[in-house]
Every structure is written in C-alpha cells, then in structure tokens.
Colleague: 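Attaching a single structure in structure tokens format; questions to follow.
Per chain, numbering begins at 1; letters A, B, ... match sequence-line order.
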Amino acid sequence: MSNEKNFALVDCNNFYASCEKIFQPNLNDKPVVILSNNDGCIIARSNEAKDLKIPMGAPYHQYRRMMEQNHVKAFSSNYTLYGDISSRVMQSLAMMAPNMEVYSIDEAFLRITEIENGDLIKFCADVRNNIQRWIGIPTSIGIAPTKTLAKMANTIAKKQGRKLIKKFSDNYNFACAKDHVFDLRDEQLRKKILEEFDLKDIWGISQASSSKLNRIGIYTALDLCNSNSRQVRSILGVVGERIVYELRGISCLGLQDISPRKSIMSSRSFGRKVTKKEELIEAISSYATRAHEKLKHQKSIAQAIHVYIRTNHFSINEAQYQNGITKSFARATDSLSEIIKMAREAINDIYQPDFNYKKAGIILLDLVPRNQVQENLLILDDAKKREKIEKLENAMSLVNQNLGRNTIFYAALGTKKNWAMQSNNRSPSYTTNIKEIPYVS
DNA sequence: TCTGGGGTCCTAGGACCC
DNA sequence: TCTGGGGTCCTAGGACCC
C-alpha cells in the first residue's frame, strides 16, 4: 500500500434536481429542471431532462412549450433547501474523510492515502453508497494525484463519460472504474485518457483559452501536458502554467482552508422594469439587508461597498445605461444602518432618470474578521451611539431568526416591493423552518 | 411578456517614493 | 542638449468557476 497522498473529488450529480427529487420520489425517473431567480434561465437538469437536449443556461420561455409537451417538471430555485442538503452532505463526507475542502455547494475535495483508507476505489465506492443511503443524493467521485486530474477523473465518472470508461476499462487490464467512481492514478491509463480529453473540458481552461492554445498547435489535454510550460505561461499566465504541471501529476494546488469570504454579494434582476430612484433605493436596501445577514453570519466587518445598477441589455431597442460605484467606510463596519445609508448614497451618485432599470446589486468588500479589528477602530468618538445601534440590530436579528426573515426591517426597504422578482414554482423548505419570502434566497 | 447569482485569483498600469 | 530607474502598493477589470 502506498502512503502517497491523492485527491478525490466528490461531486453531487445534478445537485439541485436531485435535492427536489428527494422529497418527490414520484419524480425519480422523470425529467426535472431548476430555474434561476425570476424563473429566467434553466440552471440545473436531471439526466432525463439532459436526454431531452434541454441546454444548460437556456431561457425558460424558449423551452417552455417543449417542456410541457414532454411533461418536464420545472422548479423555481430554492437555495434554502439546497444549502441545507449541501451541509448534510459535507458533514457526512467530513466524518468519512476529515481532510477535506468544501469547494462549492455540491463538490468537495478529499485528501486520501491508501495507508489510511485502504483500497481507494473501494473507499470511494463506500463513500458514494453512504451519501446515497443517508441523504438520498447520488454522487460521482474521481481519484488522482492532483486536483486538476481529479476533476478530470470526476468528469469521466459521471454518466456522460461512460463511453470513455467502457472504452478504456474494457481493454485495459486495470481496475480503474466502479459505478460512478473513476481512478486516474495510473500513468499509462492517464496518457490514453488525456489524448481523448478536450481542452475546454479541463478545469480552468475556458473556450477562449482553448482557442488560444489551438493557435499554437495544442488541441488535446495530452498536447497541453506535453507542451512547453513557459510558452503556455506567456499565453495564459501562471494559472495556465500550473495546469500544465497538474496534468503531469505534479500537484500545485493544495486543499484550501475554510476561510471566511473576502466579499459578499447580493443582487437580483427585477420582476419588472424599474425607473424611479426610490424603488432602486428600496431594492438596494433589501439586498444590503441580505448581504448584511451573511456578513454577520461569518462574523466579519466590511471596509467598503460596491453598488451597481443597470438596464436590460437584452432590450436592444431601449436606451442602455449601467454604472457602479465603490465607496469606503470611514471605519470598517457591520452595522446594517450604516451599510444601508452608504448604499443609498451610492444610488444617489449613479442614478440617472428616464431609464428602465432591470438589475441592481451590492457587494460588501474588503471583509475582515470582526475580532481581528483593534478596539480603537470600533470604539471611538461616538462609542455610545454605536453601542445603541448595535444593541438594536442584535435585537432585530434575534426577532428575525425566531419569527422568520423580514419580520422586522428598516423602513428603507419599503413594503410594496413592486420590483420583487418572480418565483412561481418553488418547492417548500422541507428541511428548514425559515419563513419563506419569495425575493430572498 | 420572459435571458441568474455569487465567488476567487491574477494582471496591468497608475501613483508614489527614493 | 540633456530629462533615471527601480521598487512597492493599490485598484479596476479580466478571466474563470459553480
């Protein structure tokens, strides 16, 4: 057995669709899609929906009729549900492989050795079975010596890669594959896989970068692996150079510590066009409240905000305008009233009348842990006033935690919310008791 | 009628300093 | 007529990801 460290990438299959199916088992073999906010785009598809050739990211309205004819069930996105299922999956993974990194809502890298975990393919098959049995979410797992190769192994482990698995595992005397688990540790096998693997399907290589590489005669993952890394660096920068090494099996990307976010964003498209400044201020105050919630949750304070507004760039016949502004706080803050006040000023700065606005957003920037900030930054001239506000806002979040989001809120948010987005097909929050408000997620 | 939202990292270039 | 050069820090924007 080898003591060599390897990566396993665990990826939940069709995650959002799989979450909805847990609670509606009658949909198990049925096509299901999940829609973006405003029920605008298709952002997740079950295998059956993929078989119907419904593309990722497609506008819902273009496929609506086709989907009705094929009895495709469409859900509005329900991030409260997906977030909760995700944390259950991650906690279960952490029990089985403590050395892990949560990479996204539906993916995690595990660091594993044969010494600790025995036969790695069997270990991963067990992980997969457990997640399926405990939570009801199907996963695929790729094993390799680097993150980039583990991503690749994972791509193959998914259903779409079945052809590749068959092709190589059939006439290759190597036990590299079990159901939805694929092992890319063997170098000989790797060469064959890399030869077949498209550049743009490599983690970190977009279509644009892929085209640039084509121009210097690099077409497959194997070409890139064998290329001159300095030359790749001159085209794609250090990021590209790292990928070359990772493809060769030399690990450049380690597990990332779980660190608090460095920025927090909240933005939405409006359910209808918005022209009045007051409505924009209402909307941005509401988004600020949401962003602030996340800020408090990770116990950080923000040093600056960025606020932007824009018209609908798909409406080619309408006058277009977009603008954004970054504003710094005199001192870092986690006070909602200060954030809302600054956001309101930002809208005042960039608002232009006579445009139909479609979207607005706020980003809290340069976040630092609250406890790392020196006392004198928090307690200054108006310490009393700040303390009062803090008490008030702590009371507000307590009320909202217990009685549901937005039970109590600053008047700046408004109560009419004409701008609120549409969300007509949302499933209930089966696993959490947060009162659902359609425009926040 | 209807086209998502939330992140990270890297780089180039400007400002400033000695 | 000559008009440095190197270093650091910061920021906006690009690229990429899920």
Side-chain angles (χ1 to χ4, degrees), chain A residues 9 11-12 14-16 33-44 55-65 67 74 76-79 82-83 86 101-109 147-148 151 154-155 199-212 233-243 252-253 256-257 259-273 287 290-291 294-295 298 303-304 306 308 310-318 322 324-328 356 358-367 421-425 439-441:
Chain A
L9 175 64
D11 191 328
C12 301
N14 316 320
F15 183 57
Y16 296 168
V33 302
I34 313 300
L35 306 174
S36 64
N37 283 325
N38 265 327
D39 294 344
C41 290
I42 292 154
I43 55 166
M56 178 72 174
Y60 178 38
H61 66 94
Q62 282 176 13
Y63 285 84
R64 190 167 199 153
R65 174 168 296 180
M67 282 170 39
S76 304
S77 38
N78 183 346
Y79 292 106
Y82 311 149
S86 171
E101 170 194 343
V102 177
Y103 175 67
S104 73
I105 194 167
D106 68 338
E107 285 172 75
F109 286 103
K147 279 182 158 182
T148 305
K151 268 279 194 185
N154 186 280
T155 305
L199 274 184
K200 64 174 192 318
D201 295 330
I202 300 172
W203 189 40
I205 304 280
S206 65
Q207 178 64 60
S209 298
S210 170
S211 303
K212 282 185 200 161
R233 182 182 182 138
S234 72
I235 298 170
L236 302 182
V238 290
V239 179
E241 189 180 28
R242 272 203 293 255
I243 291 172
C252 305
L253 304 166
Q256 301 259 13
D257 293 337
S259 51
R261 303 264 176 243
K262 294 165 185 168
S263 65
I264 290 173
M265 174 190 292
S266 177
S267 69
R268 294 286 182 281
S269 297
F270 304 132
R272 60 162 181 78
K273 287 165 192 158
Y287 305 158
R290 175 66 182 125
K294 299 187 213 170
L295 183 76
Q298 70 165 35
Q303 306 189 66
H306 181 83
Y308 68 90
R310 72 146 201 250
T311 52
N312 185 353
H313 57 269
F314 289 105
S315 307
I316 44 175
N317 296 325
E318 282 185 302
Q322 63 174 325
I325 188 169
T326 302
K327 293 174 93 75
S328 296
N356 287 323
K358 180 62 180 171
K359 185 175 181 179
I362 179 170
I363 310 170
L364 308 181
L365 297 167
D366 306 332
L367 310 186
M421 70 180 196
Q422 297 169 24
S423 185
N424 298 323
N425 308 287
Y439 72 93
V440 279
S441 61

Colleague: Compare side-chain N and O positions of A/Arg268 against OP1 and OP2 of B/dG6 and report whether any pair is under 4.0 Å apart.
Modeller: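 It does, given that an N or O in the side chain of A/Arg268 lies less than 4.0 Å from OP1 or OP2 of B/dG6.
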Colleague: I want to verify a distance call: between B/dG5, B/dG4, B/dG7, whose nearest atom is closest to the A/Ser267 side chain?
Modeller: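 Of B/dG5, B/dG4, B/dG7, B/dG5 is nearest to the side chain of A/Ser267.
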Colleague: When we call it a touch if two heavy atoms are under 4.0 Å apart, what does A/Lys358 touch: a base, just sugar-phosphate, or nothing?
Modeller: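 Since only primed, P, OP1 and OP2 atoms lie under 4.0 Å of A/Lys358, the category is sugar-phosphate.
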Colleague: Please work out whether the ring planes of A/Tyr16 and A/Tyr79 are parallel, tilted or perpendicular, with thresholds of 30° and 60°.
Modeller: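 Plane angle over 60°, so perpendicular.
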Colleague: Just how far, in rounded Å, is P of B/dT8 from OH of A/Tyr103?
Modeller: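 Whole-Å distance recorded here is 12 Å.
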Colleague: Among B/dG4, C/dC18, B/dT8, which nucleotide sits nearest the side chain of A/Lys262?
Modeller: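 In terms of side-chain proximity for A/Lys262, the closest of B/dG4, C/dC18, B/dT8 is B/dT8.
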Colleague: Let me know the distance between CZ of A/Arg64 and P of B/dT1, rounded to the nearest Å.
Modeller: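 Spelled out: CZ on A/Arg64 to P on B/dT1 is 14 Å.
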Colleague: So if I take every side-chain heavy atom of A/Pro59 and compare against C/dC18, B/dG4, B/dT3, which nucleotide ends up nearest?
Modeller: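 Given the options C/dC18, B/dG4, B/dT3, the side chain of A/Pro59 is closest to B/dT3.
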Colleague: Would you mind telling me which of B/dG5, B/dG6, B/dG4 lies closest to the side-chain atoms of A/Ser36?
Modeller: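 Ranking B/dG5, B/dG6, B/dG4 by closest atom to the A/Ser36 side chain puts B/dG4 first.
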Colleague: Indicate yes or no: at least one non-hydrogen side-chain atom of A/Met56 is less than 4.5 angstrom from one of A/Ile42.
Modeller: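 Of all side-chain heavy-atom pairs linking A/Ile42 with A/Met56, none is under 4.5 Å.
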Colleague: What's A/Lys273 touching, base or sugar-phosphate or nothing? Going by heavy atoms closer than 4.0 Å.
Modeller: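 The residue A/Lys273 makes no contact with any strand.
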Colleague: Search all heavy atoms of A/Leu35 against all heavy atoms of A/Ala74 and return the closest pair with its distance.
Modeller: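 Heavy atoms of A/Leu35 and A/Ala74 come nearest at CD1-CB, 4.2 Å.
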Colleague: Would you kindly give the CD1-to-C1' distance between A/Ile105 and B/dG4, to the nearest whole Å?
Modeller: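 To the nearest whole Å, that distance equals 14 Å.
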Colleague: Is the positively charged end of A/Lys359 above the ring of A/Phe270, judged by distance under 6.0 angstrom from the centroid and angle within 45° of the axis?
Modeller: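 Negative - A/Lys359 is either too far from the ring of A/Phe270 or too far off its axis.
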Colleague: Now, which nucleotide makes the Watson-Crick or G-U wobble pair with B/dC18, with each of the two distances under 3.5 Å?
Modeller: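 Check on B/dC18: paired to C/dG5, both distances under 3.5 Å.
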Colleague: Which nucleotide in the list C/dC17, B/dT8, B/dG4 gets nearest to the side chain of A/Trp203?
Modeller: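 Per side-chain heavy atoms of A/Trp203, the pick is C/dC17.
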Colleague: Give a yes/no on whether any side-chain N or O of A/Lys294 is located under 4.0 angstrom from OP1 or OP2 of B/dG7.
Modeller: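 A/Lys294 to B/dG7 OP1/OP2: side-chain N or O found under 4.0 Å.
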Colleague: If each of A/Arg261 and A/Ser315 is mapped to the nucleotide of DNA chain B with the nearest heavy atom, which maps nearer the 5' terminus, i.e. the 5' end?
Modeller: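 Looking at the nearest nucleotide for each, A/Ser315 comes out on the 5' side.
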Colleague: Which of the following nucleotides, B/dG4, B/dG7, C/dC18, is nearest to the side chain of A/Glu107?
Modeller: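 Ranking B/dG4, B/dG7, C/dC18 by closest atom to the A/Glu107 side chain puts C/dC18 first.
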Colleague: Does A/Lys359 put a side-chain nitrogen or oxygen below 4.0 Å from OP1 or OP2 of B/dG5?
Modeller: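 The answer is yes; a side-chain N or O of A/Lys359 sits under 4.0 Å from OP1 or OP2.
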Colleague: Any idea which of B/dT3, B/dC10, B/dG5 is nearest the A/Arg242 side chain?
Modeller: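 Comparing B/dT3, B/dC10, B/dG5 against the side chain of A/Arg242, the answer is B/dC10.
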Colleague: Of all the nucleotides listed (B/dG6, C/dC18, B/dT3), which has the minimum atom distance to the side chain of A/His61?
Modeller: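 It is B/dT3.
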Colleague: Of all the nucleotides listed (B/dG4, C/dC18, C/dC17), which has the minimum atom distance to the side chain of A/Asp106?
Modeller: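 Of B/dG4, C/dC18, C/dC17, C/dC18 is nearest to the side chain of A/Asp106.
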Colleague: Do A/Glu101 and A/Lys147 sit within salt-bridge range, that is, some charged N less than 4.0 Å from a carboxylate O?
Modeller: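 Judged by the 4.0 Å cut-off on N to carboxylate O distance, A/Glu101 and A/Lys147 do form a salt bridge.
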Colleague: Would you tell me if any nitrogen or oxygen in the side chain of A/Ser104 comes within less than 4.0 Å of OP1 or OP2 on B/dG7?
Modeller: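 No, outside the criterion.
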Colleague: Measuring from atom OG of A/Ser77 to atom CD1 of A/Ile43, what distance do you get when rounded to the nearest 0.5 angstrom?
Modeller: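 Rounded to the nearest 0.5 Å, the OG-CD1 separation comes to 4.5 Å.
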Colleague: Please give, in whole Å, the distance from B/dC2 P to A/Asn425 CG?
Modeller: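 Atom-to-atom, A/Asn425 to B/dC2, this comes out as 18 Å.
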Colleague: In this structure, how many angstroms lie between the C1' atom of B/dC2 and the CZ atom of A/Phe314, rounded?
Modeller: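 Taking CZ of A/Phe314 and C1' of B/dC2, I get 11 Å after rounding.
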Colleague: Could you check which of C/dC17, B/dT11, B/dG4 has an atom nearest any side-chain atom of A/Ile43?
Modeller: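 Among C/dC17, B/dT11, B/dG4, the one nearest the side chain of A/Ile43 is B/dG4.
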Colleague: What is the separation between atom NZ on A/Lys200 and atom P on C/dC18, rounded to the nearest whole Å?
Modeller: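 A/Lys200 atom NZ is separated from C/dC18 atom P by 14 Å.
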Colleague: Please state how far atom CD in A/Gln303 lies from atom P in C/dT11, giving the value in whole angstrom units.
Modeller: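 Distance check: A/Gln303 CD to C/dT11 P gives 10 Å.
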Colleague: I'd like the C1' distance from C/dG4 over to B/dC17, given in whole Å.
Modeller: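 B/dC17 and C/dG4 have their C1' atoms separated by 14 Å.
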Colleague: A/Phe270 or A/Pro260: which one's nearest nucleotide on DNA chain B is closer to the 5' end?
Modeller: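 Its nucleotide being nearer the 5' end, the pick is A/Phe270.
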Colleague: Over all strands shown, is A/Ile362 touching base, sugar-phosphate only, or nothing at heavy-atom distances under 4.0 angstrom?
Modeller: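 Result for A/Ile362 = nothing.
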Colleague: Between atom CD1 in A/Ile264 and atom C1' in B/dG5, what is the gap in whole Å?
Modeller: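 Computing the A/Ile264:CD1 to B/dG5:C1' distance gives 14 Å.
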Colleague: Does A/Ser263 make a side-chain N or O approach to OP1 or OP2 of B/dT8 shorter than 4.0 Å?
Modeller: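 Answer is yes, contact under 4.0 Å.
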Colleague: For A/Ser266, answer base if it contacts any base atom (sugar-phosphate contacts may also be present), sugar-phosphate if it contacts only those atoms, and nothing otherwise; contact means non-hydrogen atoms under 4.0 Å.
Modeller: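 Sugar-phosphate only.
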Colleague: With a non-hydrogen cut-off below 4.0 angstrom, is A/Ile205 in contact with a base, only sugar-phosphate, or nothing?
Modeller: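 Sugar-phosphate, backbone atoms only, no base.
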Colleague: Any luck finding a side-chain donor-acceptor pair between A/Thr311 and A/Asn356 under 3.5 Å?
Modeller: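 Per modelled atom types, A/Thr311 and A/Asn356 side chains form no pair under 3.5 Å.
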